[in-house]
Amino acid sequence: MALKGAIVVDTEKCKGCSVCVVNCPTKTIALTKEVNSKGYNYAYMAEPQTCTGCTNCATVCPDTCITVYRVKI
Amino acid sequence: MDLKDIIKPENLVYKRTKVLTDNVMHYCPGCSHGTVHKLIAEVIEEMDIQDKTIGISPVGCAVFAYNYMHIDWQQAAHGRAPALATATKRLYPDKYIFTYQGDGDLASIGTAEIMHACNRGENIVVIFINNAIYGMTGGQMAPTTLLGMVTSTTPYGRQADINGYPLKITELIAQLEGTCYVTRQSVQNAAAARKTKKAIRKAFENSKQMKGTSFVEVVSSCSSGWKLTPTQANEWMEENMFPFYPLGDLKDI
């Protein structure tokens with residue numbers, strides 16, 4: 001049984017602190033080159049196929065802007 | 001598997017708690033305050049005590065904490081949050097009262113209030129954010145600043161002969177009879193944040209059982225005050241803060 005996950009980032013709330021990037025065990029998350037309306041590079045799934053939905057990123061996000069989904073396949 | 005097959009309501013495993021408001025926090029990127037606010041809000045949601053919780057916000061960066069949680073709040077004068085919490089708890093013994101204080105607030109100007117509130121064993125929860133610096137006012141030296149640490153008022157590093165020694169206030173508080181639970185935690189990674197959440201939950205449950213004062217210190221980073229990026233600040237904290245402020249329970253009865 002494998003786990004597949006996905007995250008949805010509230011891009012306007014994200015401040016691009018990278019704490020989720022270093023806490024992602026599968027190196028799924030990176031910061032975008034584009035910026036949001038406040039000028040921050042926000043987090044996104046750079047490697048969506050590797051996400052397991054472990055919720056580490058959402059747990060450490062200081063601005064609580066990450067929602068996590070997970071399915072068993 | 002396509003993303004739209006995963007992102008469905010039935011597959012949801014983590015979402016922002018409803019106890020947090022929709023306001024964007026004014027804290028700097030990567031600030032530990034946001035993470036601790038979230039953990040407190042999640043504990044309040046899990047224990048279903050949203051309408052019974054009163055928070056006391058301090059003076060410091062967290063002075064605006066009342067903007068971020070849908071609970072009742074009071075804002076205390078600098079360092080006086082434990083005094084206000086004492087009054088609130090005695091007037092409303094069935095409510096859950098917590099203070100949320102930084103190191104400049106709790107360990108400096110508010111030392112008398114926190115010592116005596118803990119010594120009296122008031123049934124309150126104290127959340128103590130220790131980032132070893134005055135973050136809000138521009139990174140000045142705090143009582144908790146480490147020896148050799150550069151701040152805007154100690155540009156050559158803190159020296160013991162001029163500035164004295166860093167204050168381990170949590171160790172002092174652990175000696176007081178009135179406290180039932182004294183612990184030191186951190187939130188720089190997911191494992192640490194989950195442990196901190198458990199500690200906060202335990203503190204609120206102690207308050208319910210009227211066991212005495214529960215004191216949760218969270219060793220935090222201040223990337224703006226330390227002049228580092230958020231991830232570098234977390235690494236600096238692990239290398240320099242944790243040897244002096246070791247994590248773990250100091251007292252649990």
Side-chain angles (χ1 to χ4, degrees), chain A residues 1-31 35-73, chain B residues 1-42 68-69 186-197 220-221 223-224 228-235 237-238:
Chain A
M1 186 181 68
L3 292 172
K4 282 288 285 173
I7 63 166
V8 177
V9 179
D10 186 337
T11 55
E12 277 305 303
K13 281 208 174 88
C14 179
K15 294 176 185 161
C17 67
S18 291
V19 174
C20 57
V21 177
V22 297
N23 268 288
C24 179
T26 57
K27 298 191 169 34
T28 303
I29 309 173
L31 296 187
V35 292
N36 63 18
S37 65
K38 288 193 173 155
Y40 292 121
N41 304 86
Y42 48 88
Y44 80 116
M45 280 204 289
E47 308 281 343
Q49 66 282 1
T50 59
C51 181
T52 58
C54 69
T55 73
N56 275 10
C57 53
T59 307
V60 293
C61 177
D63 294 282
T64 323
C65 54
I66 302 178
T67 309
V68 186
Y69 298 86
R70 186 198 300 147
V71 283
K72 287 176 188 168
I73 48 171
Chain B
M1 197 170 203
D2 215 25
L3 274 185
K4 67 176 190 308
D5 297 322
I6 304 173
I7 300 170
K8 286 178 182 170
E10 64 266 30
N11 297 333
L12 184 76
V13 284
Y14 189 100
K15 74 172 169 68
R16 189 181 170 91
T17 160
K18 290 264 183 273
V19 178
L20 286 174
T21 64
D22 287 332
N23 297 331
V24 177
M25 292 187 182
H26 72 285
Y27 303 119
C28 307
C31 179
S32 313
H33 272 310
T35 318
V36 181
H37 281 19
K38 180 226 327 253
L39 298 177
I40 296 171
E42 287 176 357
Y68 306 130
M69 271 182 253
S186 67
V187 290
Q188 83 283 15
N189 59 39
R194 290 189 181 111
K195 271 179 145 174
T196 306
K197 187 175 169 184
S220 304
S221 63
S223 56
S224 299
L228 296 168
T229 67
T231 48
Q232 283 170 343
N234 281 340
E235 285 165 15
M237 178 175 73
E238 287 179 353

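Residue numbers begin at 1 in each chain, while the letters A, B, ... track the order of the sequences. Basis for what follows: all heavy atoms, side chains included, without hydrogens, waters or symmetry-related copies.
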B:Glu10: which residues meet the side-chain contact (heavy atoms from CB on, under 4.5 Å) condition with it, sequence neighbours left out? B:Lys8
Rounded at 0.5 Å granularity, tell me how far NZ in B:Lys38 sits from CE in B:Met69. 12.0 Å
In residues 38-45 of chain A, which residues are in contact with chain B at a heavy-atom separation under 4.5 Å? A:Lys38, A:Tyr40, A:Met45
Under 4.5 Å from a heavy atom of chain A, the part of B:Leu3 involved: side chain
Side chain, backbone, both or neither: which part of B:Asp2 has a non-hydrogen atom closer than 4.5 Å to chain A? neither
Plane angle bin for B:His37 and B:Tyr27 - parallel if under 30°, tilted between 30 and 60°, otherwise perpendicular: perpendicular
Leading residue by heavy atom contact count with chain B [cutoff under 4.5 Å; candidates A:Thr59, A:Val60, A:Thr64]: A:Thr64
Are the side chains of B:Thr229 and A:Ser18 in touch, meaning some heavy atoms are under 4.5 Å apart? no
Roughly how far, to the nearest 0.5 Å, is CG of B:Asn189 from OG1 of B:Thr35? 11.0 Å
Validation row: B:Pro230, B:Ser223 side chains within 4.5 angstrom (heavy atoms): yes
Do you know which of B:Cys31, B:Ala193, B:Pro9 has the most heavy-atom pairs under 4.5 Å to chain A? B:Cys31
B:Met25, B:Lys15, B:Glu42, B:Lys197: which one forms the most heavy-atom pairs within less than 4.5 Å of chain A? B:Met25
Return a table of donor-acceptor pairs under 3.5 angstrom between the side chains of residues 19-30 of chain A and protein atoms on other chains or two or more places apart.
residue, atom, partner, partner atom, Å
A:Asn23, OD1, B:Ala190, N, 3.4
A:Asn23, ND2, A:Val19, O, 3.1
A:Asn23, ND2, B:Gln188, O, 3.4
A:Thr26, OG1, A:Thr28, OG1, 2.6
A:Thr28, OG1, A:Thr50, OG1, 2.8

Report the distance from atom CD of B:Glu235 to atom CD of B:Gln232, rounding to the nearest 0.5 Å. 7.0 Å
Contacting moiety of B:Asn234, where chain A heavy atoms sit under 4.5 Å: side chain
Option that, when pairs with chain A are counted at under 4.5 Å, heavy atom only, ranks first among B:Val36, B:Asp22, B:Leu39: B:Asp22
Only counting residues at least two apart or in another chain, list the ones meeting ring pair (Phe, Tyr, Trp, His ring centres under 6.0 Å) with A:Tyr69. none
